[in-house]
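Source: prediction; values computed, not measured. We count residues from 1, following the sequence as given.
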Amino acid sequence: QVQLVESGGGLVQAGGSLRLSCAASGRTSSIYGMGWFRQETGKEREFVAAISWRGDRTDYLDSVKGRFTISRDSAKNTAYLQMNSLKPEDTAVYYCAAPHYYSSEYEPDLRVEYEYDYWGQGTQVTVSS
C-alpha cells in the first residue's frame with residue numbers, strides 16, 4: 001500500500017503564495033506519478049496539476065497555468081505544488097493522489113480522477129480578498 005500525506009495549506013491574502021507538499025510512504029515504487037486535485041465547498045473535486053515520473057511531464061488546469069508549478073523530489077518521495085498569485089477562487093481543500101503503476105504499456109491520463117488509486121487526507125487552502 002501507499003500512504004500520502006499533504007501539508008502546507010493555510011490562510012493567505014490574494015496575491016500571496018503557498019507551497020503544498022505531498023509525502024508518499026509505503027510501496028512508493030508502485031506509483032506512476034502524482035496529481036493534485038481540489039474541492040471547493042459545495043462543488044465537485046477537480047483536477048489541478050499532475051506530474052508523471054516518466055520524463056517529468058506535467059499538466060495543469062487552465063486557470064492555474066502560469067501560477068502553479070508541480071514538481072517532485074524523488075529522493076524524498078515527495079511532490080510539491082508551488083502556488084503563486086493566489087486568488088480567492090483558489091480556496092479549496094487540496095488533495096494529492098497517485099495512480100498505481102501497472103505496465104509500461106498503459107499510460108493513465110493523469111487529469112482524470114478515476115485513474116488514481118491512492119489519496120491523501122487533504123489540506124485546506126484559504127485565500128482572502
Side-chain angles (χ1 to χ4, degrees):
Q1 290 293 326
V2 175
Q3 295 79 44
L4 304 176
V5 179
E6 303 98 332
S7 62
L11 174 64
V12 298
Q13 291 184 292
S17 298
L18 286 172
R19 188 177 76 159
L20 306 184
S21 298
C22 178
S25 61
R27 299 181 69 248
T28 57
S29 62
S30 297
I31 297 174
Y32 188 90
M34 277 191 184
W36 288 93
F37 292 77
R38 67 187 182 188
Q39 186 169 26
E40 299 177 61
T41 301
K43 299 180 66 176
E44 297 295 316
R45 187 159 56 190
E46 67 176 347
F47 168 80
V48 177
I51 184 168
S52 170
W53 283 188
R54 184 173 298 175
D56 287 339
R57 289 178 289 183
T58 59
D59 201 1
Y60 296 92
L61 177 68
D62 284 346
S63 64
V64 308
K65 288 181 178 178
R67 299 189 298 120
F68 291 10
T69 302
I70 187 170
S71 62
R72 60 140 174 171
D73 184 334
S74 59
K76 297 181 179 180
N77 294 314
T78 300
Y80 304 95
L81 185 67
Q82 178 66 46
M83 305 186 295
N84 298 326
S85 301
L86 283 162
K87 303 174 181 179
E89 52 263 44
D90 295 317
T91 295
V93 177
Y94 283 71
Y95 299 88
C96 68
H100 186 87
Y101 176 82
Y102 295 103
S103 170
S104 62
E105 300 300 313
Y106 179 74
E107 294 193 35
D109 182 352
L110 298 184
R111 298 170 296 179
V112 180
E113 183 174 343
Y114 68 71
E115 297 278 24
Y116 291 83
D117 300 282
Y118 310 108
W119 292 84
Q121 83 289 347
T123 186
Q124 176 71 47
V125 172
T126 302
V127 184
S128 64
S129 59

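- Taking Asp109 as the reference, Arg111 meet the side-chain hydrogen bond (donor to acceptor under 3.5 Å, both in side chains) condition, with sequence neighbours excluded.
- Here the CD atom belonging to Glu46 is positioned 14.5 Å from the CH2 atom belonging to Trp36, to the nearest 0.5 angstrom.
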Output a table of donor-acceptor pairs, distance under 3.5 Å, between side-chain atoms of residues 9-24 and any protein atom two or more places apart or on a different chain; print 'none' if there are none.
residue: Ser17; atom: OG; partner: Asn84; partner atom: OD1; Å: 2.9

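- Among all heavy-atom pairs drawn from Ala98 and Ile31, the shortest one is CB-CG2, 3.6 Å.
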With salt bridge (Lys or Arg N to Asp or Glu O under 4.0 Å) as the criterion, how do Asp90 and Lys87 come out once you've worked through the C-alpha distance, each side chain's angles and the decisive distance to 0.1 Å? CA-CA 5 Å; Asp90 295 317; Lys87 303 174 181 179; over 6 Å; no
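- Listed by chain and residue number, nothing satisfies the side-chain hydrogen bond (donor to acceptor under 3.5 Å, both in side chains) test with Asn77 (two or more places apart in sequence, or in another chain).
- The CZ atom of Arg67 lies 6.5 Å from the CG atom of Leu86; values are rounded to the nearest 0.5 Å.
- Using modelled atom types, one side-chain atom of Glu6 and one backbone atom of Gln121 make a donor-acceptor pair closer than 3.5 Å.
- One hydrophobic cluster, built from ILVMFWY side chains closer than 4.5 Å, holds both Val127 and Tyr94.
- For the atom pair NE2 of His100 and CD of Gln1, the computed distance is 9.5 Å after rounding to the nearest 0.5 Å.
- Side-chain atoms of Val64 and Arg38, non-hydrogen and from C-beta on, do get closer than 4.5 Å to each other.
- Partners of Arg54 according to the side-chain hydrogen bond (donor to acceptor under 3.5 Å, both in side chains) rule, which considers only residues two or more places apart in sequence or in another chain, do not exist here.
- Annotation for Thr58 and Ile51: closest pair CG2-CG1, 3.9 Å, computed over non-hydrogen atoms.
- The nearest pair of heavy atoms linking Ser129 to Pro88 is CB-CG, 3.8 Å.
- The shortest side-chain heavy-atom distance between Glu115 and Tyr32 does not fall under the 4.5 Å cut-off.
- Enclosure of atom NZ in Lys76 is not indicated, since only 12 or fewer non-hydrogen atoms of other residues, nucleotides or ligands lie within 6.0 angstrom.
- Contact annotation: the side chain of Trp119 approaches that of Arg45 to within less than 4.5 Å [non-hydrogen atoms, C-beta and beyond].
- Both Leu81 and Leu61 sit in one connected hydrophobic cluster of ILVMFWY residues. Membership requires side-chain heavy atoms under 4.5 Å apart, directly or through other members.
- Between Thr91 and Glu40, every side-chain heavy-atom pair lies at or beyond the 4.5 Å cut-off.
- Within the hydrophobic cluster formed by Ile, Leu, Val, Met, Phe, Trp and Tyr side chains joined at under 4.5 Å, directly or through other members, Tyr114 is accompanied by Val112.
- Side chains of Glu113 and Tyr95: a donor-acceptor N/O pair is absent below 3.5 angstrom, by distance only.
- The CD atom of Gln3 sits 10.0 Å away from atom OG1 of Thr28, with the distance rounded to the nearest 0.5 Å.
- Contact detail for Leu110 and Ala50: the closest heavy-atom pair is CB-CB, 3.6 Å.
- Within the model, atoms CE of Met34 and OG of Ser71 stand 11.0 Å from one another, a figure rounded to the nearest 0.5 Å.
- Counting only residues at least two apart or on different chains, the ring-ring contact (aromatic ring centres under 6.0 Å, His included) pairs with a member in residues 40-88 are Phe37-Phe47.
- Linking Ile, Leu, Val, Met, Phe, Trp and Tyr residues whenever their side-chain heavy atoms come within less than 4.5 Å places Leu4 and Ile70 in a single cluster.
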